[in-house]
Number of protein chains: 2
Amino acid sequence: MTNDLQHLFYPRSIALIGISTNPLKFGGGFWINVLHELGYSGKIYPVSPKLNEFNGLKVYPTVRDIPESVDLAIVTIPAHLTPQFMEDCVYKGVKFVQFYTAGFSETGEEEGIKLERELLKIANRGGVRIIGPNCMGVYSPKSGICWRYDFPRKSGPLGIMAQSGWNAVEIVKLGATHGVLCSELISYGNASDLNESDFLDYFASDPETKVVASYIEGVRDGRCFFTTLSRVSKIKPFIILKGGRTDAGTRAVASHTSSLAGTNEIWNAVMKQSGAIGVSSFDELIDTVIACLYMEVPKNRKVGLIGSGGGPSVTAADECESAGLQVPPFPDSIRQNLNKLMPKEGTSSNNPVDSPFLWDPEMFGKTIRTAAECTEIGSLIVHAEIDSTIVFVGRKVIAQITRSIIDNARNCGKPVAFVLRSVGTPEARQVLHEEQAKFVKQGLPLYPSISRASKAIDNLIQYNQGLPEK
Amino acid sequence: MTNDLQHLFYPRSIALIGISTNPLKFGGGFWINVLHELGYSGKIYPVSPKLNEFNGLKVYPTVRDIPESVDLAIVTIPAHLTPQFMEDCVYKGVKFVQFYTAGFSETGEEEGIKLERELLKIANRGGVRIIGPNCMGVYSPKSGICWRYDFPRKSGPLGIMAQSGWNAVEIVKLGATHGVLCSELISYGNASDLNESDFLDYFASDPETKVVASYIEGVRDGRCFFTTLSRVSKIKPFIILKGGRTDAGTRAVASHTSSLAGTNEIWNAVMKQSGAIGVSSFDELIDTVIACLYMEVPKNRKVGLIGSGGGPSVTAADECESAGLQVPPFPDSIRQNLNKLMPKEGTSSNNPVDSPFLWDPEMFGKTIRTAAECTEIGSLIVHAEIDSTIVFVGRKVIAQITRSIIDNARNCGKPVAFVLRSVGTPEARQVLHEEQAKFVKQGLPLYPSISRASKAIDNLIQYNQGLPEK
């Protein structure tokens with residue numbers, strides 16, 4: 001009875017159910033405009049008993065009246081009208097129905113729960129698959145399906161599944177800001193029919209998707225979820241931010257998508273045993289995505305830290321080890337080579353390396369290559385601070401430092417994560433934005449703090465340790 | 001034998017020891033230029049045997065040759081020359097000597113350790129007090145003393161003490177970015193003579209300083225530190241970021257300021273029993289400073305969360321409770337009043353409150369006041385997201401939302417923390433920067449995430465619970 005989800009993300013035709021005469025209303029009409037804007041090339045069928053035409057498209061009174069087959073119906077009509085509509089879908093043989101409409105089990109009220117159950121019963125009868133209700137549904141840049149004008153038109157390697165529309169937006173926009181675009185996205189709300197496990201399977205088999213980021217409030221079928229997650233996590237990294245990890249979060253989940261959040265103990269055990277990557281914030285989520293996409297897997301948790309400043313080196317070491325990595329002292333041979341590169345006073349060739357890169361980008365580049373020769377460490381974190389660097393040597397030297405860091409790190413033979421820090425002065429923000437683009441362009445992992453870089457590396461290692469031997 | 005530190009931060013005359021003929025060299029000459037730039041109004045005496053004049057000032061061959069008394073000497077000459085120089089200071093009766101010069105105990109080498117001990121012995125003989133060595137020393141905006149052109153000229157309520165110059169800069173710039181200026185700052189490196197306890201005492205008694213932020217790598221006299229910290233923490237909040245909380249951090253500390261980092265267990269016990277506020281990052285440090293300065297102390301850990309979006313409300317609740325606060329359900333009476341304000345669909349009047357503020361800033365303001373009527377909660381966190389708000393309603397409505405939030409929150413009778421979130425799109429960064437200025441101007445606590453706001457509130461409550469009953 002499972003439909004292949006290919007036609008959900010790449011439908012040949014879409015029916016929009018519920019076209020308002022009020023152009024400001026967020027409904028089917030809005031969707032149609034966005035589909036046009038993003039260049040959806042399939043057929044679009046507006047459905048409303050009140051209109052004959054919408055933006056040059058013929059409007060059909062019901063789904064039954066649509067002359068051709070319908071792969072996806074996007075529904076914005078009030079909840080009490082949905083059972084009759086679903087009967088029409090069964091009659092018509094619609095493949096997928098995505099309900100923006102809310103007012104079902106998430107209300108916690110008997111009526112809504114009953115309505116959701118009824119909808120599902122009708123759909124099952126005809127093999128129609130439901131997404132939601134109470135969800136934003138599909139974003140599929142390659143097929144031009146979206147519900148926001150500001151989402152990227154281009155696609156990328158990140159699969160996204162989220163029970164919340166707003167949190168889906170957060171992931172898309174965070175990704176775009178970091179240069180990571182989306183293959184497909186599903187926002188699936190109450191998950192009354194198609195659920196987390198179906199989408200896990202889809203993303204596991206989708207060739208463009210290299211890593212999956214998800215926001216999950218609860219699972220509909222725990223056993224199936226665990227089995228599926230364990231299987232797909234061996235294929236590619238599945239990163240999960242769990243909504244409802246606390247008492248208040250659990251209550252909020254119940255009124256949001258009526259999901260059973262489950263206890264933290266069970267959830268943590270599922271994460272650990274399945275080999276998925278559990279994260280606790282959107283920042284950690286995107287950081288881990290970046291590590292999975294752009295970093296070779298370090299052979300161990302030992303890191304070489306290279307930066308500038310005595311105090312910042314102490315702080316860097318603390319942040320790195322607090323995140324689960326180790327910063328071991330370098331062997332004498334490496335220290336001797338490093339010492340040849342650096343002035344004696346106010347530097348340190350031990351790990352962390354404190355090198356006055358401010359004044360000499362080339363020396364800093366050589367320092368990276370020399371530290372990378374240490375066979376004991378599995379990766380490097382190279383960090384620089386923007387605000388003071390602007391003050392002392394100006395914008396131009398920062399560009400030289402960045403170039404030297406990138407050139408030398410790319411060929412150093414070790415996975416490298418980069419950190420450009422700033423306290424956020426307006427000028428530094430601008431510089432950071434421009435420098436960041438260079439890292440993004442080269443597909444290099446750039447982070448705003450040692451803590452965040454370290455945690456992402458730790459997650460990457462953790463994930464790969466759980467994979468079967470090659 | 002203790003000098004009053006007033007003349008360290010407000011010296012009537014400063015001698016600069018070590019003026020290079022190379023204007024690019026970072027030494028006494030650089031300091032003189034910054035002192036001029038910041039408008040230091042006392043006497044400046046350059047000291048160098050090689051020059052007769054520097055930038056229009058007469059240069060003296062030794063400290064002994066200076067015709068008047070010297071409150072503060074700032075020293076940049078090589079380490080091996082410092083004992084003779086200190087003899088001159090004793091002869092001259094110099095009050096304070098601050099050594100930028102490194103190459104002492106922090107090298108870990110016998111020679112440096114011996115030199116530092118010798119220096120101290122000579123100084124003790126004449127009652128000269130040493131800051132450092134291996135430090136940046138004083139930043140005192142009211143007296144125009146500084147070592148950076150980019151430090152604020154104006155003073156404020158934040159006292160800063162840091163064993164690292166770079167990390168001192170980090171705190172100053174983080175503070176300035178958040179509108180929090182500095183009363184006085186001391187960067188004190190190896191702490192061979194004047195140490196953490198002396199500075200604690202100074203800041204405790206300084207009337208302009210309302211809260212103290214510190215970066216400490218180790219303490220010279222543990223018993224004295226604990227006693228002093230316990231005493232001064234009852235007077236005002238002392239926030240401490242400890243450097244060397246991990247194995248690698250501890251090693252880095254040894255080579256940075258030769259401090260004994262001590263074990264985490266001891267340090268945590270000292271923090272807890274003394275009533276100081278321990279933090280684990282610069283972000284948490286500045287967040288806590290802002291809470292201490294700008295928030296009334298909440299009467300309990302129960303928080304009302306007000307924002308927009310189902311998923312974001314779940315995430316907000318999780319972040320808030322993970323930071324140690326509680327988000328209890330609102331009583332029916334409050335919920336009923338909230339329900340009168342909001343549309344029924346897609347909202348929640350429970351705590352967290354999910355209100356569609358995007359469309360109605362005034363309603364959002366009323367929501368804040370209504371939630372504040374709940375007598376059970378001690379504070380409110382009001383959160384909004386910038387990126388989507390720009391997309392949907394534009395820049396102008398964001399300004400209206402901010403105004404409504406600020407106006408209604410200020411008079412709601414409860415302490416309120418504000419969160420403006422953004423994934424960091426360039427436009428949102430600009431908007432955030434402009435909106436942030438409004439909060440700063442009004443002295444209102446604004447944070448970039450619920451996590452950070454919650455942790456700061458938790459620290460504020462923790463601190464005040466440790467204070468004796470009034």
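In this text the structure is predicted, and so the values were computed from the model without any measurement. Proteins get letters first, then strands, A, B, ... in listed order; numbering begins at 1 in each.
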- Item | Shortest non-hydrogen contact between A:Thr246 and B:Glu321, atoms and distance | CB-OE1, 3.4 Å
- Query: Measuring from B:Trp166:CH2 to A:Ser313:OG, what's the distance to the nearest 0.5 Å?
  - Reply: 11.0 Å
- Task: Considering only heavy atoms and a distance below 4.5 Å, find which of B:Ser449, B:Gly244, B:Ser255, B:Gly103 pairs most often with chain A.
- Result: B:Gly244
- Checking heavy atoms, do the side chain of A:Pro329, its backbone, both or neither come under 4.5 Å from chain B? both
- Residue from B:Gly243, B:Ala252, B:Ala162 scoring the most non-hydrogen pairs under 4.5 Å with chain A is B:Ala252
- Message: Name the residue from B:Asp283, B:Leu174, B:Ile171, B:Ile286 that meets the side-chain contact (heavy atoms from CB on, under 4.5 Å) definition with A:Val423.
- Response: B:Leu174
- Is the shortest heavy-atom distance from the side chain of A:Ser388 to the side chain of B:Arg148 under 4.5 Å? yes
- What option among B:Ala102, B:Pro328, B:Cys320 has the most heavy-atom pairs under 4.5 Å with chain A? B:Pro328
- For each of A:Ala317, A:Ala248, A:Gly249, tally heavy-atom pairs with chain B at distances under 4.5 Å, and name the one with the top tally. A:Ala248
- Message: Are B:His433 and A:Arg429 packed together at the side-chain level, in the sense that at least one heavy-atom pair is separated by less than 4.5 angstrom?
- Response: yes
- Hey, what do you get for CG (A:Asp318) to CG (B:Asp247), rounding to the nearest 0.5 Å? 10.0 Å
- Task: For atom CD of B:Glu427, decide whether the heavy atoms of other residues, nucleotides or ligands shown that lie under 6.0 angstrom number more than 12.
- Result: no
- Item | Under 4.5 Å from a heavy atom of chain B, the part of A:Val391 involved | side chain
- Task: Give, as side chain, backbone, both or neither, the part of A:Glu217 having an atom under 4.5 angstrom from any heavy atom of chain B.
- Result: side chain
- Query: Nearest 0.5 Å, what's the OG1-NE2 distance between A:Thr315 and B:His256?
  - Reply: 9.0 Å
- Task: Kindly compute the distance separating OG (B:Ser322) from CG (A:Asn264), expressed to the nearest 0.5 Å.
- Result: 8.0 Å
- Is A:Arg421 close to B:Phe282 at the side-chain level, that is, under 4.5 Å between some pair of heavy atoms? no
- Please lay out, stage by stage, how A:Val314 and B:Lys242 fare under the test side-chain contact (heavy atoms from CB on, under 4.5 Å). CA-CA 10 Å; A:Val314 173; B:Lys242 175 66 170 59; over 6 Å; no
- Considering residues, nucleotides and ligands other than B:Glu111, do more than 12 of their heavy atoms fall under 6.0 Å from its CD? no
- Query: Are side-chain heavy atoms of A:Ser164 and B:Pro312 found at a separation under 4.5 Å?
  - Reply: yes
- Top contributor to chain A interface from B:Asp354, B:Val253, B:Asn167 [non-hydrogen pairs under 4.5 Å]: B:Asn167
- Between atom CG of B:Asp150 and atom CG of A:Asp387, what is the distance when rounded to the nearest 0.5 Å? 8.5 Å
- A:Asn350 versus chain B, heavy atoms under 4.5 Å apart: side chain, backbone, both or neither? side chain
- If you round to the nearest 0.5 Å, how far is OG of B:Ser348 from CD of A:Glu106? 11.5 Å
- Note on the structure: Applying a strict 4.5 Å limit to non-hydrogen atoms, the region of A:Tyr149 in contact with chain B is neither
- Item | Contacts of B:Arg251 that satisfy side-chain hydrogen bond (donor to acceptor under 3.5 Å, both in side chains) - sequence neighbours left out | none
- Flag the one option from A:Pro426, A:Pro352, A:Gly165 with the top tally of heavy-atom pairs under 4.5 Å to chain B. A:Pro426
- Query: Quick check: are there more than 12 heavy atoms from other residues, nucleotides or ligands sitting under 6.0 Å from CD of B:Glu37?
  - Reply: yes
